[in-house]
Amino acid sequence: MTEFFWLIPLFPLVSTAILALFGKHLPKKYVSFQACLAVFLSFVFGVISFIGLQNAEHGHAALSKTLFSWIHSGNFKADLTFQFDPLTAVMVLVVSLVGFLIHVYSIGYMSHDPGYKRFFTYMNLFTFSMLVLVMADNLILMFVGWEGVGLCSYLLIGFWFEKHSAAAAGKKAFIVNRIGDAGFLLGIMFILIHVGGTEFGTINQAVSGGILTPAVVTLIALLLFVGAAGKSAQIPLYVWLPDAMEGPTPVSALIHAATMVTAGVYMVARMNMLYTLSGTAGNVVAVVGALTAIFAATMALTQNDIKRVLAYSTISQLGYMFIGCGVGAYAAGIFHLYTHAFFKSLLFLAAGSVMHALSGELNMQKMGGLRKYLPRTYYPFLIGAIAISGIPFLSGFFSKDAILTQAFAQGNYFVWALGITGAVLTAFYMFRLIFLTFHGKERLEPEVKKHLHESPPVMTIPLAILAFFSIFAGYVGLPVVFGKNLDFFGKFLEPVIHAGHGHHLSIGTEWLLILISVGVAVLGVFIAYIFYLKKTEIPHNLVRRFPFVYKLLYNKYYIDEAYNAVIVNPLVRGSEAVYKHFDLKVIDGAINGSAATAGWMGKVLSTFQTGFLKDYALIFLLGAIILIGVVLF
């Protein structure tokens, strides 16, 4: 059945069409069953195709299927062709498996929402768009999926559009991503000009054959990275992602773990030959990723909204993925994408379970002591927090260590230092979240506590499954210090991207780097333990002592306010001025003036339309006399 891999994206597409056309007339149980089944079938066919790659005669053979000729113009062509190679396999399995678990969880979370059927329609469309993006064999088709996930993010972030904040967040995500997409489109255009095609194989041949000059390669790589920075929420285009928390929690999990925000990392890894050839572009990717990782982590330190803490953690973790890609360790970057999908979806869904139990409460300052009430939510949440903090021996430890080790090995000590600092902050803010939410003194509102309850199995079983993968998913890519040839993940990706383990660090140096990484993670947990369980007065004293720093972090460095003052408000005022002084006065004036002139002329001519035959005869006679006069004289 390997030859039918091209059906993988079509299952959710067919489901989307059925739900969009007939969903209103279908029972809720059927809607959720069909939506979940469609994504599950994509996962099953993904597994079958993955096994087919493993059993290929010459190692990893890429599968390819052209469904039909799409765009042909002169020498340019872009067919609707899907491919399935090792990199695609990783992305398909992540998207479909995590997406399936999120769909199942949504059955419980959205059970009482009036937009239940619309929600599953959008979720299936989101999954389809992401699968098209990762299975496309050319940039044009990838861009279709790229814009598809952008559209779905707008629809799902603003799902509760009757709320002004949700509608505004959806628009913000859509507009900010259009800025990034402009750079992505320019990069595609330069590739068309200099290469003549957008198939990944054609681009790689052009790069390896020296057809593109280093300057052109750098320009294209940087333009494509602008698009990646928009989709994957990197500086300066990260501002949409925290506001995306206005959507339902399963949407947040899907966006942050398996779909939209991973698209930029995937694209950079897919175009790895461009970034390898251009050292400048690679350095830009690594530095932007490192700065974003620590910048977002500092903002997570003071947030009280449980979902916003996780949102800033996603921005930070994406920065680590770009560090890996920027230093040439593409396999390490994708490895972190893979492990992050499990523990980040786990964290968001567990946060949703807490919200479900507390009737929608988001403020961690109004929680506390929930461990005894929500054990089936607490332990998976704890596992996710340990994994993202880089504590041995969970999945996040292996993937984050691989990235930081490669950064150090390549001599990017500044990037490595930022990554280590970010690791301390990550452990601190994640366990701040754990301690404020599940431990310590209860701070629940009486009305909320009265209705406190554990989530149903349809929500907690996906948590347990994701917790399992958050623990064990990293064991497919063990570092060399645990033994040679244990990095199965890197070896699997070698036919597509370099595994990134060609460094020359000694075993002793690697162990030292691992100990430093583990040490800073444990330090972050310990500080959070002291601050929020043992000596809870310390955070309050620090706030009183450094109010400016606290306000700066709490208000997210006032970046949104700065954007509004420098970009948004001038554009709004400018558009209003254009509307009032040009559109109303010039455009409308010209149209209204021409209408008034026509009306005046009509009135003048209407004086000759009396309806009496003698008047028309007189006018005819006068006209004939004038005509004869003109002819004779």
Side-chain angles (χ1 to χ4, degrees), residues 9 12-13 16 20 78 80 91 94-95 98-99 102 118-136 138-161 166-189 198 223-248 250-271 311 314-315 318 321-322 337 341 563 567-568:
L13 175 62
T16 300
L80 203 156
M91 296 301 298
V94 166
V95 171
V98 175
I102 293 172
R118 176 166 58 93
F119 175 82
F120 278 101
T121 304
Y122 291 166
M123 290 285 277
N124 269 187
L125 183 61
F126 208 166
T127 306
F128 160 72
S129 298
M130 190 63 188
L131 289 172
V132 169
L133 191 156
V134 301
M135 292 183 66
N138 62 80
L139 281 171
I140 303 296
L141 185 56
M142 175 189 274
F143 190 71
V144 172
W146 190 274
E147 291 301 292
V149 295
L151 169 64
C152 293
S153 69
Y154 167 74
L155 295 172
L156 285 165
I157 292 170
F159 182 77
W160 291 316
F161 55 84
K171 288 187 291 184
K172 185 175 183 179
F174 193 78
I175 292 170
V176 171
N177 272 277
R178 297 293 71 71
I179 298 171
D181 292 353
F184 190 44
L185 270 176
L186 286 173
I188 293 174
M189 290 177 184
T198 60
L223 287 171
L224 294 177
F225 181 61
V226 172
K231 276 289 181 287
S232 296
Q234 298 295 284
I235 292 174
L237 300 178
Y238 71 90
V239 291
W240 68 270
L241 193 55
D243 289 2
M245 299 304 96
E246 290 291 341
V251 173
S252 302
L254 195 61
I255 289 176
H256 287 249
T259 56
M260 186 164 170
V261 297
T262 62
V265 179
Y266 166 76
M267 186 272 293
V268 171
R270 174 61 70 185
M271 306 298 292
T314 297
I315 299 172
L318 289 165
M321 297 174 205
F322 280 115
L337 182 157
Y563 279 1
I567 300 173
V568 177

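- When every heavy atom of A244 is checked against every heavy atom of I157, the shortest pair comes out as CB-CD1, 3.5 Å.
- Between V94 and A341 the shortest heavy-atom distance is CG1-CB, 3.5 Å.
- Counting heavy atoms from C-beta on, the side chains of L254 and M130 never come closer than 4.5 Å.
- Side-chain contact between V132 and F128: present, with at least one pair of heavy atoms (C-beta onward) separated by less than 4.5 Å.
- Contact check for F184 versus V226: no side-chain heavy atoms found under the 4.5 Å cut-off.
- In this structure F159 satisfies the ring-ring contact (aromatic ring centres under 6.0 Å, His included) test together with F119, sequence neighbours excluded.
- Applying the side chain to side chain donor-acceptor pair (under 3.5 Å) test to every pair with at least one member in residues 259-269, sequence neighbours left out, gives these pairs: Y266-R270.
- Residues V98 and A257 come closest through the heavy atom pair CG1-CB, 4.3 Å.
- Not a single ring-ring contact (aromatic ring centres under 6.0 Å, His included) links F126 to another residue, sequence neighbours left out.
- Residues M135 and P9 approach most closely at SD-CD, 3.6 Å, considering heavy atoms.
- Taking S252 as the reference, M245, H256, K307, F348 meet the side chain to side chain contact (heavy atoms under 4.5 Å, CB included) condition, with sequence neighbours excluded.
- To the nearest 0.5 Å, atom CG of residue L139 and atom CE of residue M189 are 12.5 Å apart.
- Residues L224 and M267 meet the side-chain proximity criterion, which asks for heavy atoms closer than 4.5 Å.
- Atom OG1 of T198 is separated from atom CD1 of I188 by 7.5 Å, given to the nearest 0.5 angstrom.
- In terms of the side chain to side chain contact (heavy atoms under 4.5 Å, CB included) criterion, residue partners of I235 (sequence neighbours excluded) are, by chain and number, Y238, L291, T292, F295.
- Residues passing the side chain to side chain contact (heavy atoms under 4.5 Å, CB included) test with V176, sequence neighbours excluded: K172, L237, V239, W240.
- Pairs passing the side chain to side chain donor-acceptor pair (under 3.5 Å) check and including a residue from residues 139-158, sequence neighbours excluded, read W146-D181, E147-R178.
- Checking side-chain atoms of S129 against main-chain N and O of G145 turns up no donor-acceptor pair under 3.5 Å.
- For the side chain to side chain contact (heavy atoms under 4.5 Å, CB included) test, residues two or more places apart in sequence or in another chain that qualify with V268 are F225, A228, Y275, F322, C325.
- Taken to the nearest 0.5 Å, the CD1 atom of I255 stands 7.5 Å off from the CG atom of L241.
- Remark: Y122 engages no residue in a ring-ring contact (aromatic ring centres under 6.0 Å, His included) (not counting sequence neighbours).
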Apply the test side-chain contact (heavy atoms from CB on, under 4.5 Å) to residues R118 and L155: give CA-CA distance (whole Å), side-chain angles for both, the deciding distance (0.1 Å), then the verdict.
CA-CA 10 Å; R118 176 166 58 93; L155 295 172; over 6 Å; no
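- In plain terms, the two heavy atoms of A263 and L133 that are nearest each other are CB-CD1, 3.7 Å.
- A side-chain donor-acceptor contact under 3.5 Å links Q234 to the backbone of S232.
- Residues P242 and I315 form a side-chain contact, since some pair of their non-hydrogen atoms from C-beta on lies under 4.5 Å apart.
- Pairs engaging residues 250-266 under the salt bridge (Lys or Arg N to Asp or Glu O under 4.0 Å) rule: none recorded [sequence neighbours left out].
- Residue M123 comes nearest to L156 through the heavy atom pair SD-CD1, 4.1 Å, listed as atom of the first residue, atom of the second, then distance.
- In this structure N138 satisfies the side-chain hydrogen bond (donor to acceptor under 3.5 Å, both in side chains) test with no other residue, sequence neighbours excluded.
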